[in-house]
Amino acid sequence: MPCDLLVFAPHPDDAEIHCGATIAAHVRQGARVVIVDATRGELGSRGTVAERDAEAIAAAHVLGVAERHNLNLPDGGLMAGDRSQRDALVEALRQHAPRTVLTIGAQARHGDHLALHALSLAAIKMAALHRFPSAHSAVPGIRVWCYEAELPLTAPTLLVPTSEADWLTKQAAI
């Protein structure tokens, strides 16, 4: 089913930590929002995979997103040039046919964050190609926004206004 905003996150918790208020603002305004986590965060220092899965589901409920799912790509193993990983993102894009994608920015020290940024951009291009083999139709014209995950924030080109209620929703999701 088409969505207004699809959020790509490298790990469960990145969406709510880095752009939870933006997600909440879109949901509050009636947008259909989907979060796609690339990995299950199995290398994370805090919590088990099962705990992180449960937290992701709970956060999705608090944020009010329409769907949240996980691509089960390897934590610590996202690779910018990996075609199978890119193709997994293409399938998510084609399944949800978003008008806008919000993905992690290129200013990062974490390898998975950097790789997901590159994979997202490549997948958005491939999702628009009608001859790219897929079970779903091509999705041309997707807008791309990037969220920052690490400071310093350098030269933002778009700031999404959020309310205090959106900020509180983000905090509750975290």
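Model, not experiment: these values are computed from the prediction.
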> To check you understand the geometry: which heavy-atom pair defines the closest contact between Gly41 and Pro12, and what is its length?
N-CD, 3.7 Å
> Taking the side chain as every heavy atom from C-beta outward, state whether Pro74 and Thr39 have any atom pair closer than 4.5 Å.
no
> Backbone N or O of Glu42 within a donor-acceptor pair of the Asp75 side chain at under 3.5 Å?
yes
> Got a donor-acceptor contact below 3.5 angstrom from the Arg94 side chain to the Ala127 backbone?
yes
> Within the structure provided, determine whether Gln85 and Met79 are in side-chain contact (heavy-atom separation under 4.5 Å).
yes
> Are Leu73 and Val90 in one and the same hydrophobic cluster, where Ile, Leu, Val, Met, Phe, Trp and Tyr link if side-chain heavy atoms are under 4.5 Å apart?
no
> Quick check: closest heavy atoms across Cys19 and Val7, and the distance to 0.1 Å?
SG-CG1, 4.0 Å
> Could you tell me whether the side chain of His110 and the main chain of Asp112 form a donor-acceptor pair under 3.5 Å?
yes
> Under 4.5 Å between any side-chain heavy atoms of Thr169 and Val62, yes or no?
yes
> Check whether any side-chain heavy atom of Arg143 lies under 4.5 Å from a side-chain heavy atom of Arg99, and answer yes or no.
yes
> Give a yes or no answer on whether the side chain of Arg68 reaches the backbone of Ile35 with a donor-acceptor pair at less than 3.5 Å.
no
> From Asp82 CG over to Leu78 CG, what is the distance, rounded to the nearest 0.5 angstrom?
9.0 Å
> Would you say Glu51's side chain and Thr48's backbone share a donor-acceptor pair under 3.5 angstrom?
yes
> Taking all non-hydrogen atoms of both residues, which atom of Val27 and which atom of Gly64 are closest, and how far apart?
CG1-O, 3.6 Å
> How far does CD of Gln171 sit from CD1 of Ile17, to the nearest 0.5 angstrom?
12.5 Å
> Can you tell me if His61 uses its side chain to pair, donor with acceptor, with the backbone of Ile57 under 3.5 Å?
no
> Without swapping roles, check the side chain of Gln95 against the backbone of Ala135 for a donor-acceptor pair under 3.5 Å.
no
> Leu5, Val144: one ILVMFWY side-chain cluster at the under-4.5 Å cut-off?
yes
> Just verifying a value: how many Å separate Tyr147 OH and His18 NE2, rounded to the nearest 0.5 Å?
6.5 Å
> Which atom names give the shortest non-hydrogen contact between Ala173 and Ala59, and what distance separates them?
O-CB, 3.5 Å
> Transitively linked via ILVMFWY side-chain contacts under 4.5 Å: Met126 with Val36?
no
> What is the distance from atom CD of Glu91 to atom NE2 of His136, rounded to the nearest 0.5 Å?
5.5 Å
> Measure the shortest side-chain to side-chain distance between Leu89 and Leu116 over non-hydrogen atoms and say whether it is less than 4.5 angstrom.
yes
> Tell me whether Leu121 shares a hydrophobic cluster with Ile104, the cluster being built from Ile, Leu, Val, Met, Phe, Trp, Tyr side chains joined at under 4.5 Å.
yes
> Does atom CD (Glu164) have a neighbourhood of more than 12 heavy atoms from anything else shown, all under 6.0 Å?
no
> Looking at side-chain heavy atoms only, is the closest gap between Leu93 and Ile124 below 4.5 Å?
yes
> Check whether any side-chain heavy atom of Asp13 sits under 4.5 Å from a side-chain heavy atom of Glu16, and report yes or no.
yes
> Tell me which one of Thr100, Val34, Val33 satisfies side chain to side chain contact (heavy atoms under 4.5 Å, CB included) with Cys3.
Val34
> May I ask you to check whether Trp145 and His117 place their ring centres under 6.0 Å from each other?
no
> Within the distance-only criterion (no hydrogens, no angle test), does the side chain of Thr103 pair as donor or acceptor with the backbone N or O of Ser120 below 3.5 angstrom?
no
> Roughly how far, to the nearest 0.5 Å, is NE2 of His26 from OG1 of Thr22?
7.0 Å
> Applying side chain to side chain contact (heavy atoms under 4.5 Å, CB included) to Gln107 and Glu148, what does each step give before you reach the verdict?
CA-CA 7 Å; Gln107 301 287 13; Glu148 291 297 326; 3.3 Å; yes
> Is Arg32 salt-bridged to Asp4, cutoff N-O under 4.0 Å?
no
> Atom CD in Glu55, atom CD1 in Ile174: separation rounded to 0.5 Å?
11.5 Å
> Step by step, would you call His11 with Asp37 a side chain to side chain donor-acceptor pair (under 3.5 Å)?
CA-CA 6 Å; His11 311 99; Asp37 298 311; over 6 Å; no
> Locate the shortest heavy-atom distance separating Ala21 from Lys170; write the atom from each residue and the value.
N-CB, 3.5 Å
> Would you check if Leu119 and Phe8 make a side-chain contact, meaning some heavy-atom pair closer than 4.5 Å?
no
> Ignoring hydrogens and geometry, is there a side-chain-to-backbone donor-acceptor pair from Asp14 to Ala9 under 3.5 Å?
no
> What are the two closest non-hydrogen atoms of Pro161 and Ala25, and how far apart are they?
O-CB, 4.2 Å
> After noting the C-alpha distance and the side-chain angles of Ser163 and Asp166, does the key distance pass the side chain to side chain donor-acceptor pair (under 3.5 Å) rule?
CA-CA 5 Å; Ser163 68; Asp166 300 328; 3.1 Å; yes
> I'd like to know if Ile142 and Ile23 are part of one continuous hydrophobic network [Ile/Leu/Val/Met/Phe/Trp/Tyr, side-chain heavy atoms within less than 4.5 Å].
yes
